[in-house]
Amino acid sequence: MSSKNEFKEKQVLLLQGRAGSGKSTFAHMLYQNLLDNWTTGKSIPILLYLPSITSASAYLKSLARADFKNEWLEKNNFIIILESFDELR
């Protein structure tokens with residue numbers, strides 16, 4: 001059973017719109033805003049441009065340097081922004 005706090009931390013926002021409606025611009029602005037306001041202890045923002053990544057899992061693991069190991073991934077929270085999902089084939 002999940003606690004209320006655990007559920008709260010796993011929220012999803014899906015932004016839909018026609019081509020050229022500003023979805024990518026919004027994703028980049030959101031990412032930049034999160035970076036600009038990030039402080040120790042806050043969730044770490046990560047922007048993934050999906051068409052250029054063959055394995056999101058491998059990409060996330062590559063972000064954590066070897067000396068951090070999986071501990072770094074387990075001890076931190078992330079805000080993952082998936083950009084250009086509609087371009088995947």
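Residues: numbered from 1 along the sequence shown.
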**Set of side-chain hydrogen bond (donor to acceptor under 3.5 Å, both in side chains) partners for Ser24, sequence neighbours left out** = Glu83

**Request:** List the atom of Leu35, the atom of Pro45, and the distance in Å for their closest heavy-atom pair.
**Result:** CD2-CG, 3.7 Å

**Prompt:** Distance-only, no hydrogens or angles: does the Lys42 side chain make a donor-acceptor pair with backbone N or O of Asn37 under 3.5 Å?
**Reply:** yes

**Prompt:** With no hydrogens and no angle check, is any side-chain donor or acceptor of Asn33 less than 3.5 Å from a backbone partner on Met29?
**Reply:** no

**Complete:** By side-chain contact (heavy atoms from CB on, under 4.5 Å), Leu30 pairs with (sequence neighbours left out) Phe26, Leu34, Ile81

**Prompt:** Residues in side-chain contact (heavy atoms from CB on, under 4.5 Å) with Asn76, at least two apart?
**Reply:** Ile44, Trp72, Phe78

**Message:** So which atom in Trp38 and which in Ser43 form the shortest heavy-atom distance, rounded to 0.1 Å?
**Reply:** CD1-O, 3.1 Å

**Complete:** When rounded to the nearest 0.5 Å, the distance separating CD1 of Ile46 from OH of Tyr31 is 8.0 Å

**Prompt:** Partners of Asp36 by side-chain contact (heavy atoms from CB on, under 4.5 Å), sequence neighbours excluded?
**Reply:** Gln32

**Fill in**
The side-chain contact (heavy atoms from CB on, under 4.5 Å) partners of Ser21 (sequence neighbours excluded) come to Lys23

